[in-house]
Amino acid sequence: MPNPDDKQELDGLQQFDPQVISEIYDRYFPYVFRYVQYRLSDIAHAEDVTSDVFMRLLEAVRKGKGPESNIKAWLLGTASHAVNDHHRQTYRRPTEEITEFTPDLQATPSESTEQRERQRRIREALTKLTPEQQHVIALRFGQELSLEETALVMKKKTNAVKQLQLRALAALNRQVDELL
Amino acid sequence: MNDSLYNALNNCLTMMDQGSDLESCLVQYPEYAADLRSLLLAAMDAESIAENYVPSEAQRQGKAKFLNAAAEIREQRFSKKMFGFLPLRRMVRFSFAALVVAIVVVGIGGTGLVSASDSSLPGDKLYPLKLTWENIQLKLVSAQSERDVLTDNFDQERVQEINVLINSKRLEKVKFYGQIEGIFPNQIIVSRVPITLLPSTKIDGEIQMYAFARIEGQTQPDGTVVADKIKIESIKSEDGSNASGNDTNSNSGGNDANQGGGNSDINKSRESQIPEIEQTKTPKPENVDSTASVELTPLKDNSKPETRRFEIEGLVNSYSGSSIEVSGKSIFIIPETELKGSPSTGSRVFIRGFINQNGDLIALRIEVKSTSSSEGGGGQSGGGGSEGSNHNEPSRTPEPSKTQDD
């Protein structure tokens, strides 16, 4: 059951109210962008995919298939699909270097090269997990969502998320060990 | 793996979120310590690559695209609501009837719907009628000078419509014509309307201060217009290449015949010529810097009242977010106004800006030279360097400087 604020937001969204639409974008863009960037590690692609997620939102609402109770959960769930679609397209175009990461724009000179290299390896290891494992890790450790929130986004029960989280971390640990 | 390990992992993650270290978590679950250690290290790895960086430029551009798409869907929905229920034949009949009504109404002129359409805005159903009526008015006027006056009035009406749309946060497609009064990175000011430039914005001609531009775009809730197309109309005719007549030159302050002829060309171009696409360029922010000197540059286009830059230094009489009064002069503050320091009543400020077509002073930069408390001590910062020497004189009578010809 959506809370009153969410209800108002959902109503405005369904009416395509310009003010509400604008607020929704401002409010949720950072979440979606961070999620997508976490999984893609590429700012340019992350921008495109994030934009695509919001377009999907409009299209879904137009068709009456938009979010029913929680816009953030819907957007993050859709972001996961959009990232998976992006990966599929990338695999179809082998000319693109999928393991090449853009430089970390946030890095400060004081950050050691080793540290950046380690982060690059972790990102690479992450891409070797299943999409669902990447999704749960991105939600839990990229977005810092609680188990309950993660369960809501993934449309799973909390216990199922706990199990998935454990398997995902174990897989990540293996991949990191192999790469480092 | 069993339920206890899942729970142990989750409890440890919660503890670490709250500030506990890895070892103190493991102490709690000695039976799972080995498994937990690797899992928690992986969790720390996963957390280490999370970033908070969100590119604001991408957010802004994506928002414009998102809002445009939403507006299009809203329009489609509205059209469906209006006409979707009518079968084709009835729709044709309806359209025909609407056309007849429009012709009759336009025929009798100035009454009924036409009057009602006076206050309509882009996106309103009566708005096309308003534009049609304006076109008819233009065609009915034979004297070029009267036509120019009408054209100017209609141009101003477009700008007012946009301001109303912006104030009511309506997203609508708009077209208007005005003078470039400010150039900033990714934004220009045209007739006091902030125009956002996107990479997708088609720009015909070179954006330069005081040029006239035709803008097509969409109003945004943030008070700007995102431009789809910008056509810059030539304002310069220093070599006389545009000179071809002078029948409409209403400004007697023209410097020479060539400029007068150029004006008439501008008017003509607004009537019928579509400027050739010379080049596609993004605006040059340095235009602002290169022109924003102490020197005052009059407009080279004499078809409009001259627009000049000004500089002023003096004591602040009053200050609000939207305007500042300095030595009796009221100066508007726009979102692009650069503020250096916090002006307050009694403080001494140096302001640089421009005077728009309406004679309003618009600040581009406000620099606080001394606060009200330090003013009595004669504390002049003496800064400004290249800003010129005249504004460093404490006793100078503050007023917008006089104009100078190029």
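The sequence lines fix the lettering, A, B, ..., with proteins before strands; numbering per chain opens at 1.
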Where on Leu13(B) is there a heavy atom nearer than 4.5 Å to chain A: the side chain, the backbone, both, or neither?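 Looking at Leu13(B), just its side chain touches chain A.
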Fill in: Structural part of Leu9(B) lying under 4.5 Å from a heavy atom of chain A
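Contact with chain A is through the side chain of Leu9(B) alone.
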Donor-acceptor check, side chain of Tyr25(A) to backbone of Lys63(B), threshold 3.5 angstrom: yes or no?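 Yes; at least one donor-acceptor contact below 3.5 Å.
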Any sub-3.5 Å donor-acceptor pair from Gln19(A)'s side-chain atoms to Lys169(B)'s backbone N or O? no
Side chain, backbone, both or neither of [X] within contact of chain B (heavy atoms, under 4.5 Å):
X: Arg174(A); value: neither
X: Leu58(A); value: both
X: Asn159(A); value: neither
X: Phe33(A); value: side chain
X: Ile21(A); value: both
X: Ser22(A); value: both

*salt bridge (Lys or Arg N to Asp or Glu O under 4.0 Å) evaluation trace for Glu51(B) with Arg123(A)*: CA-CA 12 Å; Glu51(B) 286 180 7; Arg123(A) 289 180 189 284; 3.2 Å; yes
With Phe16(A), the side chain to side chain contact (heavy atoms under 4.5 Å, CB included) member among Gln76(B), Glu72(B), Arg74(B)
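Testing each of Gln76(B), Glu72(B), Arg74(B) against Phe16(A), the sole residue satisfying side chain to side chain contact (heavy atoms under 4.5 Å, CB included) is Arg74(B).
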Just by distance, no angles: are the side chains of Arg37(B) and Asn173(A) close enough, under 3.5 Å, to form a donor-acceptor pair?
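Not at all, the side chains of Arg37(B) and Asn173(A) share no donor-acceptor pair under 3.5 Å.
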